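Keep in mind the model is a prediction, meaning the values are calculated, not measured. Note that these values count all heavy atoms, side chains included, but never hydrogens, waters or copies made by symmetry.
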Amino acid sequence: MVNLVWAIPALPLAAFFVNGLFGRRWLKQATGPIAAGAVGASALMATAVFLEVLGGRAQTTVVLYQWIGVGDFRIDIAALVDPLSAVMLLVVTVVSFLVHVYSIGYMSHDHGFHRFFTWLPLFVFAMLILVLADNYLLMFVGWEGVGVCSYLLIGYWFERHEPSVAAKKAFVMNRIGDWGFTIGMVTTFLVFGSMNFVDVFHRVGMASQAVLTVICLAFFLGACGKSAQLPLSSWLPDAMEGPTPVSALIHAATMVTAGVYLVARSTPLFEAAGPALPIVAAVGALTAIFAATIALVQNDIKRVMAYSTVSQLGYMFLALGVGAPVAAMFHLATHAFFKALLFLGSGSVIHGMQNEQDMRKMGGLRRKMPVTYWTMLVAGGALAAMPPLAGFWSKDEIVGAAFLHGDTLLWGVGVFTGALTAFYVTRAMVLTFHGEPRDQHLYDHAHESPAVMTLPLIVLAVGSVLAGFVGFPPEAGFIHGFIGPVVQLHGAAHHPEYTVIAALAAVSVAAGLIGIGIGLAMYRGRRPDPAAVARLTRPVYRLLVNKYFIDELYDRRFVAFFTGFGGVMSAFDVHIIDGFVNRLGWVVSAAGGGLRRAQTGVVGNYALSVVVGLLALMALYGGYAVGVLR
């Protein structure tokens with residue numbers, strides 16, 4: 001099956017072409033099942049590939065064809081199949097399939113149904129190319145592909161102003177990150193003479209630590225763009241303007257996981273670079289607490305989940321930075337299940353509440369939407385890292401890795417952020433599902449979603465419970481033995497004492513319980529009253545509501561500068577470049593206009609001109625002859 005691995009991305013690509021060519025006129029609503037069926041078949045094939053790799057098949061490169069061949073330089077369209085890519089294939093295809101099935105119900109009344117199911121499988125195709133690539137250049141093709149698809153899907157409702165602006169913001173901020181990826185990729189080629197992962201990693205010793213640091217920081221800038229880390233994080237919450245299934249796909253299985261995968265795949269480079277890893281850890285920890293604090297005060301249910309994703313991605317980069325790439329990939333896998341569930345559950349609430357997203361207008365919905373409530377409760381518990389749910393095993397391993405690495409500051413940030421996470425997810429669940437309805441009209445018309453939407457929620461809930469057990473026992477579970485040999489740093493600590501692990505886990509769980517307790521006390525018991533707390537902490541509350549004024553800073557400093565710079569360049573182009581060409585054209589045109597007057601069309605004038613010319617020539621030559629004779 002490994003030799004047929006290229007069929008996995010080929011199926012979603014085929015669905016894109018079929019739906020794109022025939023969807024609008026002939027297929028229409030059939031485009032949904034076609035796309036879902038193609039991605040489902042990819043998921044089955046990915047499962048078969050995973051099982052074959054699990055069975056002991058060594059790292060395999062499957063070459064489709066030679067792409068570039070110049071002298072000794074060669075780039076193939078080739079897939080690198082190893083435990084890391086096998087896990088990513090499984091996560092991407094399974095979660096994407098469930099999102100596709102859910103979307104058939106969620107988008108059923110949308111006028112652009114066929115267009116949605118044209119772009120959605122293309123998104124999956126691009127991510128699969130990124131995951132399968134055996135070299136940085138082919139990875140960059142998939143990297144850019146998910147960027148284009150995110151632009152198309154975030155701005156899917158392009159008739160509205162907000163989605164169009166959000167799509168452009170995502171596109172521009174990702175171009176900044178892509179600039180970093182390009183620098184890293186080109187420098188890698190110049191230093192190592194290859195872009196192939198295996199070749200580059202074997203030649204790491206050829207480069208100095210300073211050069212490797214430049215390469216790794218450039219790649220990390222690219223990762224910050226795709227995975228929404230500071231300072232390129234603000235595009236992801238705004239991406240909520242797209243349809244909810246798109247949000248689930250971006251946050252759980254495709255785009256934002258790309259940056260984490262890039263750094264994990266490049267572990268040998270980052271390990272040799274030295275200073276790069278502490279920077280990755282610091283940015284990840286800062287992003288985690290930064291986004292979690294903003295999530296505390298959000299009222300849009302989707303934006304709470306969006307800032308949660310930014311925070312959880314920060315945890316993953318924290319793990320990568322402290323030398324625990326297995327924990328990062330473990331959390332990526334578990335997060336895919338419970339975050340997809342939280343977004344799809346939020347979509348179910350929005351669908352049942354006539355497209356209302358403000359939690360302040362909800363309340364009491366657990367009676368109207370029991371399946372959505374119970375599945376989201378499971379996902380919320382996983383996000384809050386409550387045992388024995390999936391998030392407990394993966395996130396606590398990250399926090400523990402920071403402590404074992406000897407960085408108590410990062411450990412403290414991780415524990416505190418965990419308490420904040422438990423608080424804001426509790427707040428969201430209480431405001432949405434508990435208490436009395438705050439908008440009676442919306443509540444009266446609220447209803448549970450159809451089975452095509454609730455069945456994926458149930459499957460994801462099961463994954464949110466069971467996925468964590470692939471990491472049991474801690475530090476020595478199945479996933480550690482499976483992908484550890486691919487990404488584990490040399491000399492990294494292994495198998496700490498279980499008493500230490502248990503103590504660290506107890507601290508994290510206690511922090512989560514405190515967060516849940518405060519959330520329940522404030523939003524169910526009103527002790528203290530949230531409004532009173534907001535008034536008491538008005539400066540802090542205002543800072544968080546306005547998202548630390550990051551967007552305003554960017555608008556006033558960077559956007560305004562580049563808008564002005566663009567205006568100057570436009571004026572230079574219009575008045576200098578075009579002005580020179582236009583004036584030269586005017587001179588030629590004026591000269592031509594003068595000559596045009598000689599073309600009168602009167603034969604007598606032409607005869608007179610000939611005679612005058614002959615007389616002039618005779619006079620000229622006559623004068624010349626006289627001069628010679630003298």
* Dump the intermediate steps for side chain to side chain contact (heavy atoms under 4.5 Å, CB included) on I250 and I154, then the final yes or no. => CA-CA 10 Å; I250 289 175; I154 293 169; 4.0 Å; yes

* To do: Please indicate whether W374 has more than 12 foreign heavy atoms, meaning atoms of other residues, nucleotides or ligands, lying under 6.0 Å from its CH2.
  => no

* Has F17 got more than 12 heavy atoms of other residues, nucleotides or ligands less than 6.0 Å from its CZ? -> no

Which heavy atom in [X] sits nearest to a heavy atom in [Y], and how many Å separate them?
{"X": "S42", "Y": "I8", "answer": "OG-O, 2.7 Å"}
{"X": "V310", "Y": "Q229", "answer": "O-NE2, 3.6 Å"}
{"X": "H251", "Y": "A306", "answer": "CE1-CA, 3.6 Å"}
{"X": "E271", "Y": "L277", "answer": "CA-CD1, 4.2 Å"}
{"X": "P237", "Y": "S233", "answer": "CD-O, 3.4 Å"}
{"X": "V91", "Y": "A336", "answer": "CG1-CB, 3.6 Å"}

* Asked: With sequence neighbours left out, what residues match V186 under side chain to side chain contact (heavy atoms under 4.5 Å, CB included)?
  -> T182, L190

* side chain to side chain contact (heavy atoms under 4.5 Å, CB included) involving A35 - partner list, sequence neighbours excluded -> N19, H100, F117, P121

Within the side chain of [X], is there an N or O that forms a donor-acceptor pair under 3.5 Å with the backbone of [Y]?
{"X": "S464", "Y": "A379", "answer": "no"}
{"X": "T187", "Y": "G184", "answer": "no"}
{"X": "W393", "Y": "P388", "answer": "yes"}
{"X": "S150", "Y": "V146", "answer": "yes"}
{"X": "S164", "Y": "G155", "answer": "no"}
{"X": "Y102", "Y": "L344", "answer": "yes"}
{"X": "K169", "Y": "D238", "answer": "no"}
{"X": "T432", "Y": "M429", "answer": "no"}
{"X": "W6", "Y": "V62", "answer": "yes"}
{"X": "S108", "Y": "G105", "answer": "yes"}

Decide yes or no for [X] and [Y]: does some side-chain heavy atom of the first lie under 4.5 Å from some side-chain heavy atom of the second?
{"X": "Y315", "Y": "V399", "result": "yes"}
{"X": "L89", "Y": "V5", "result": "yes"}
{"X": "L460", "Y": "T375", "result": "no"}
{"X": "L132", "Y": "P9", "result": "yes"}
{"X": "D82", "Y": "R265", "result": "yes"}
{"X": "V101", "Y": "L455", "result": "no"}
{"X": "L221", "Y": "L232", "result": "yes"}
{"X": "P456", "Y": "V99", "result": "no"}

* Is there a side chain to side chain contact (heavy atoms under 4.5 Å, CB included) between F192 and D199 once you walk through the steps? -> CA-CA 8 Å; F192 301 107; D199 293 340; over 6 Å; no

* To do: Taking ring-ring contact (aromatic ring centres under 6.0 Å, His included) as the test, write out the residues that go with H480, two or more places apart.
  => none

* Run the numbers on Y156 and F116 for ring-ring contact (aromatic ring centres under 6.0 Å, His included), then give the verdict. => CA-CA 8 Å; Y156 172 76; F116 183 83; 5.5 Å; yes

Is the distance from the ring center of [X] to that of [Y] below 6.0 Å?
{"X": "F181", "Y": "F219", "value": "yes"}
{"X": "H351", "Y": "H447", "value": "yes"}
{"X": "F478", "Y": "F469", "value": "no"}

How long is the gap from [atom1] on [X] to [atom2] on [Y], to the nearest 0.5 Å?
{"X": "F123", "Y": "S96", "atom1": "CZ", "atom2": "OG", "value": "8.5 Å"}
{"X": "L128", "Y": "L13", "atom1": "CG", "atom2": "CG", "value": "10.5 Å"}
{"X": "W143", "Y": "Y261", "atom1": "CH2", "atom2": "OH", "value": "11.5 Å"}
{"X": "W26", "Y": "L21", "atom1": "CH2", "atom2": "CG", "value": "9.5 Å"}
{"X": "M305", "Y": "K339", "atom1": "CE", "atom2": "NZ", "value": "8.0 Å"}
{"X": "T93", "Y": "M88", "atom1": "OG1", "atom2": "CE", "value": "10.5 Å"}

Do [X] and [Y] have a side chain donor and acceptor closer than 3.5 Å?
{"X": "N174", "Y": "Y151", "value": "no"}
{"X": "Q66", "Y": "D76", "value": "no"}
{"X": "E448", "Y": "T454", "value": "no"}

* **side chain to side chain contact (heavy atoms under 4.5 Å, CB included) between L457 and M376, worked out** => CA-CA 8 Å; L457 300 183; M376 283 193 72; over 6 Å; no

* To do: Report the C-alpha separation of M127 and V124 in whole Å, then their side-chain angles, then the decisive distance to 0.1 Å, and conclude whether the side chain to side chain contact (heavy atoms under 4.5 Å, CB included) test is met.
  => CA-CA 5 Å; M127 187 63 191; V124 179; 5.8 Å; no

* To do: Could you check F270 against F220 for ring-ring contact (aromatic ring centres under 6.0 Å, His included), going step by step and ending with a plain yes or no?
  => CA-CA 10 Å; F270 278 84; F220 181 54; 7.2 Å; no

* Name the one of T334, L84, V87 that satisfies side chain to side chain contact (heavy atoms under 4.5 Å, CB included) with M329? -> L84

* With sequence neighbours excluded, give me every side chain to side chain donor-acceptor pair (under 3.5 Å) pair touching residues 111-127. => H111-E159

* Asked: What side chain to side chain donor-acceptor pair (under 3.5 Å) pairs are there with at least one residue in residues 120-138, not counting sequence neighbours?
  -> D134-N196, Y136-S266

* Assess R203 against F201: is NZ or CZ under 6.0 Å from the centre of the six-membered ring, and within 45 degrees of the ring's axis? => no

Using a 3.5 Å cut-off and no angle test, enumerate the donor-acceptor pairs between side-chain atoms of residues 239-246 and protein atoms at least two apart in sequence or in another chain.
residue	atom	partner	partner atom	Å
T244	OG1	Y106	OH	3.1
T244	OG1	K302	NZ	3.3

